[in-house]
Participant: 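This is the structure, below, for whatever I ask next.
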Number of protein chains: 4
Amino acid sequence: MKKNKPKYNQIIEAAVEVIAENGYHASQVSKIAKKAGVADGTIYLYFKNKEDILVSVFKEKMGQFIERIAESINQKQNADEKLLTLIQMHFSQLTGDHHLAIVTQLELRQSNSELRLKINDILKPYLSVIDDIIREGTKENVFRDELNIPLVRQMIFGTLDETVTNWVMKEQKYDLLEMAPEVHRLLTHGLSDK
Amino acid sequence: MKKNKPKYNQIIEAAVEVIAENGYHASQVSKIAKKAGVADGTIYLYFKNKEDILVSVFKEKMGQFIERIAESINQKQNADEKLLTLIQMHFSQLTGDHHLAIVTQLELRQSNSELRLKINDILKPYLSVIDDIIREGTKENVFRDELNIPLVRQMIFGTLDETVTNWVMKEQKYDLLEMAPEVHRLLTHGLSDK
Amino acid sequence: MKKNKPKYNQIIEAAVEVIAENGYHASQVSKIAKKAGVADGTIYLYFKNKEDILVSVFKEKMGQFIERIAESINQKQNADEKLLTLIQMHFSQLTGDHHLAIVTQLELRQSNSELRLKINDILKPYLSVIDDIIREGTKENVFRDELNIPLVRQMIFGTLDETVTNWVMKEQKYDLLEMAPEVHRLLTHGLSDK
Amino acid sequence: MKKNKPKYNQIIEAAVEVIAENGYHASQVSKIAKKAGVADGTIYLYFKNKEDILVSVFKEKMGQFIERIAESINQKQNADEKLLTLIQMHFSQLTGDHHLAIVTQLELRQSNSELRLKINDILKPYLSVIDDIIREGTKENVFRDELNIPLVRQMIFGTLDETVTNWVMKEQKYDLLEMAPEVHRLLTHGLSDK
DNA sequence: GATGAATGAGATTTCATTCAT
DNA sequence: TATGAATGAAATCTCATTCAT
């Protein structure tokens with residue numbers, strides 16, 4: 001977060017609101033400017049172009065998102081607890097910010113492939129956090145040895161992402177957070193009865 | 001697939017190619033018409049509007065996709081084999097049609113919410129197939145009893161979808177199909193070393 | 001009216017209906033063909049192009065319109081009675097055919113200048129009838145001597161036309177025909193109290 | 001006329017010229033913009049859509065038209081002189097602005113019913129001016145007592161309108177203004193010799 | 001730094017007309 | 001004669017971005 005740039009933050013916050021309320025494609029620069037209380041032209045003093053606003057929104061919000069998750073995880077002692085914490089934090093943060101949930105799960109996906117590549121880059125630190133947990137779990141002999149880390153990470157992230165998206169599309173009508181333990185058990189023990 | 005409507009199918013096939021090659025937003029109706037070898041106006045004899053082309057593309061292709069998966073599954077005896085077959089068929093079909101893989105994993109997601117709702121409807125039969133497998137596995141005592149079916153379905157679909165998307169974004173440089181057994185094992189047994 | 005060309009007349013009648021019901025600009029050739037019960041292409045066996053349909057509609061309908069007025073007038077003995085008759089016939093014929101009234105007063109005026117020139121040509125016989133009455137009235141010393149015939153004709157036609165148009169735009173809610181004597185008196189004696 | 005909106009007026013004037021020169025249907029927004037010396041998009045900063053340009057043209061021009069007639073009439077002492085003045089002003093203003101004459105008599109009539117309703121609304125003040133003269137003439141015992149005001153108004157307006165339209169269609173080859181006294185005499189005394 | 005008026009490229013869709021059958 | 005599937009030209013309006021003030 002650029003500090004002491006009040007306009008910068010005003011615009012970021014305005015963008016999240018405008019996108020959540022109007023949808024990605026109906027979020028004109030002029031609408032964001034109006035909501036932020038600045039002139040259209042002012043946007044271009046702080047952002048290179050429209051895409052840069054969107055990337056920055058994601059960067060700022062994801063930055064906080066990941067930072068908080070990382071903090072929480074550091075206080076946990078083993079991989080299993082860390083994984084549960086990650087799931088809980090992932091769910092709780094999106095539960096706590098409805099606008100952000102809509103923007104990340106639905107609206108920002110409507111961007112073109114080029115923009116999505118940039119968004120993927122921003123996600124990388126989060127994916128690293130997941131990878132670290134997997135590696136740690138393996139070292140602790142809590143998780144299996146021969147795990148294919150990228151694949152496991154895709155299962156974890158894919159499951160969380162799909163779960164949140166379904167919850168957003170169902171208009172957030174149920175409690176996402178209380179599903180965390182079950183998701184955790186599914187990821188660690190799978191479907192099998194054994 | 002509507003039979004004996006050669007123009008209809010020409011346009012569907014052209015749309016997949018054009019979208020895969022140019023991206024969703026650069027896929028003008030005139031480009032699709034040209035690739036299909038028909039006049040722009042002809043498109044509108046077969047489709048209500050541009051969105052209708054896209055929905056139809058997804059409907060036709062997903063229809064085949066799901067049908068083939070369902071057929072393969074029916075030949076398997078138990079839930080575990082069925083799940084593996086579903087994963088293999090999911091991966092092999094997208095491996096076999098690069099254009100379709102790009103369109104479903106990347107391009108069609110750029111559509112607006114209204115169109116995505118229609119796309120979700122089309123996906124429902126696939127999700128039902130997954131649900132059936134879960135229920136069957138539970139009945140056979142291969143899967144656990146207390147499984148939350150929607151959640152398990154979200155894990156399975158989310159994992160497959162994320163895995164395929166990563167593969168497409170890595171430009172399909174590795175063999176997706178050979179990952180099926182590992183994905184299957186992850187889904188059934190989880191990360192745990194037990 | 002071309003005789004023994006049933007399709008020709010079907011198309012003319014369909015055109016009047018379609019235009020009255022949908023308005024000039026929403027009257028596509030395909031709609032007229034459908035209402036007439038023929039294929040689109042068949043239209044072009046009987047009419048050169050769309051404009052030709054419209055000109056023909058006006059020609060056929062106006063032909064009858066003028067013919068009937070001329071017949072009625074011939075049975076009258078003097079210019080004053082003839083003028084009254086013309087007014088009555090003008091009003092009664094349009095009162096008796098709502099579709100035609102809408103088409104001539106509102107819809108056909110939306111045509112471009114070129115088409116309106118052709119429509120004006122078709123109106124000429126009607127204007128001649130008016131001119132004849134004026135000349136006869138002058139000869140009979142019922143009307144003034146020094147009358148500028150084109151100007152008088154414009155007053156008569158302009159008054160009738162404006163009166164009918166107002167009636168159509170008021171959705172034909174009052175009795176147009178009963179206004180004929182008053183219109184006649186206004187045209188012959190003017191506003192003056194003398 | 002909105003003051004201090006130079007672009008607004010430029011566009012209005014350009015629209016009159018373009019419509020007069022090219023006809024209603026061949027008057028693309030881009031042509032009007034070019035003639036006005038602005039970009040296409042600028043049109044939409046001042047007008048809601050194309051129809052709004054046309055309504056505004058008529059509103060601005062008719063506003064002036066009626067205002068000038070009303071001013072001139074106010075300086076006259078009796079209904080008879082007022083009627084003559086109205087006719088003279090009607091003719092002289094259209095004589096003085098050939099483009100406007102073409103636009104009001106020919107081109108604007110090609111608009112669809114919805115637009116014509118708006119145009120009719122704009123005409124209402126003019127029709128009120130006529131009504132006032134009729135009422136005043138009746139009060140002064142210059143005009144007859146029992147006059148049906150709407151009908152008389154339709155005669156007056158219909159006569160003027162038809163006269164001007166004929167003059168425009170004859171390419172304005174004769175002097176319209178010098179016909180005013182004769183039109184006035186026809187309207188007040190009619191055809192009758194008496 | 002801040003403004004906001006002006007720019008202008010770009011795409012969907014309609015519908016009169018044709019022509020092979 | 002009759003059909004109707006196919007054609008393809010053509011125009012409104014939006015909105016990201018600029019730049020003079």
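What you see is a predicted model; the values in this text were computed from it and never measured.
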Participant: What orientation do C:Tyr8 and C:Phe47 show, parallel under 30°, tilted 30 to 60°, or perpendicular over 60°?
Facilitator: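 Rings of C:Tyr8 and C:Phe47: parallel, under 30°.
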Participant: Could you give the CZ-to-P distance, from C:Phe47 to E:dA16, as a whole number of Å?
Facilitator: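 After rounding, the gap between these two atoms is 15 Å.
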Participant: Pull out every residue in residues 21-39 of chain D that has a heavy atom closer than 4.0 Å to any atom of DNA chain E, ordered by number, or say none.
Facilitator: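 Result for residues 21-39 of chain D: D:Val38, D:Ala39, sorted by number.
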Participant: Would you compute the distance between atom CG of A:Leu100 and atom CD of A:Gln105 and round it to the nearest 0.5 angstrom?
Facilitator: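 Result: 8.5 Å between the selected atoms.
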Participant: Nearest-Å distance, CG (B:Leu45) to C1' (E:dT17)?
Facilitator: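 Checked: the CG to C1' distance equals 14 Å.
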Participant: Once rounded to the nearest 0.5 Å, what's the spacing between atom NZ of B:Lys118 and atom CG of B:Asn120?
Facilitator: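 Rounded to the nearest 0.5 Å, the NZ-CG separation comes out at 13.0 Å.
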Participant: When rounded to the nearest 0.5 angstrom, what is the spacing between CG in D:Asp121 and NZ in D:Lys59?
Facilitator: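 It is 9.5 Å, given to the nearest 0.5 Å.
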Participant: Holding to side-chain hydrogen bond (donor to acceptor under 3.5 Å, both in side chains), I want the full list of residues that pass it with D:Asn49, two or more places apart in sequence or in another chain.
Facilitator: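 With neighbours one apart ignored, the set is empty.
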Participant: Using the rule side-chain contact (heavy atoms from CB on, under 4.5 Å), only one of B:Asn22, B:Val16, B:Leu54, B:Ile102 pairs with B:Glu107; which is it?
Facilitator: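 In the set B:Asn22, B:Val16, B:Leu54, B:Ile102, the residue that makes a side-chain contact (heavy atoms from CB on, under 4.5 Å) with B:Glu107 is B:Ile102.
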Participant: Tell me the stems DNA chain F sits in, counting at least three consecutive Watson-Crick or G-U wobble pairs, each under 3.5 Å on both distances.
Facilitator: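 Expected stems, ordered by start: E:2-21 with F:2-21.
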Participant: Drop me the distance from B:Thr165's OG1 to B:Leu94's CG, to the nearest 0.5 angstrom.
Facilitator: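 B:Thr165 atom OG1 to B:Leu94 atom CG measures 9.5 Å (nearest 0.5 Å).
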Participant: Picking from E:dA2, F:dA6, F:dC13, which would you name as closest to the side chain of D:Asn49?
Facilitator: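 That would be F:dC13.
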Participant: Do any N or O atoms of the protein come closer than 3.5 Å to N or O atoms of nucleotides 18-20 of chain F, and which pairs are they?
Facilitator:
none

Participant: Is the shortest heavy-atom distance from the side chain of B:Val103 to the side chain of B:Lys61 under 4.5 Å?
Facilitator: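 Side chain of B:Val103 against side chain of B:Lys61, heavy atoms only: no contact under 4.5 Å found.
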Participant: Grab the CG-P distance between C:Asp52 and E:dA16 for me, whole Å please.
Facilitator: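 It works out to 14 Å between those atoms.
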Participant: F:dC15 C1' sits how many Å from A:Glu51 CD, rounded?
Facilitator: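 Checked: the CD to C1' distance equals 16 Å.
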Participant: Nearest whole angstrom, please: distance from the C1' of F:dT1 to the OH of C:Tyr8.
Facilitator: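 My rounded result for the distance is 18 Å.
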Participant: Quick one: side-chain hydrogen bond (donor to acceptor under 3.5 Å, both in side chains) partners of A:His25, sequence neighbours excluded?
Facilitator: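 By the side-chain hydrogen bond (donor to acceptor under 3.5 Å, both in side chains) rule, A:His25 matches A:Gln110, B:His25.
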Participant: Indicate whether OP1 or OP2 belonging to F:dC13 is found under 4.0 Å from a side-chain N or O atom of D:Lys50.
Facilitator: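 It does not, given that no N or O in the side chain of D:Lys50 lies less than 4.0 Å from OP1 or OP2 of F:dC13.
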Participant: On DNA chain F, compare the nucleotides closest to C:Ile43 and B:Lys7; which residue's is nearer the 5' end?
Facilitator: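 That would be C:Ile43.
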Participant: Cut-off 3.5 Å, no hydrogens considered: what does the side-chain donor-acceptor table look like for residues 31-43 of chain B, sequence neighbours left out?
Facilitator:
unit_1: B:Lys31; atom_1: NZ; unit_2: B:Ala26; atom_2: O; d: 3.0
unit_1: B:Lys31; atom_1: NZ; unit_2: B:Gln28; atom_2: OE1; d: 3.4
unit_1: B:Lys35; atom_1: NZ; unit_2: B:Glu21; atom_2: OE1; d: 3.2
unit_1: B:Thr42; atom_1: OG1; unit_2: B:Ala39; atom_2: O; d: 3.4

Participant: Measuring only between side-chain heavy atoms, which start at C-beta, is C:Thr104 closer than 4.5 Å to C:Phe58?
Facilitator: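 When only atoms from C-beta onward are counted, C:Phe58 and C:Thr104 do touch, with a gap below 4.5 Å.
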Participant: How close or far is atom P of F:dG4 from atom OH of B:Tyr46, stated in whole angstroms?
Facilitator: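 To the nearest whole Å, that distance equals 14 Å.
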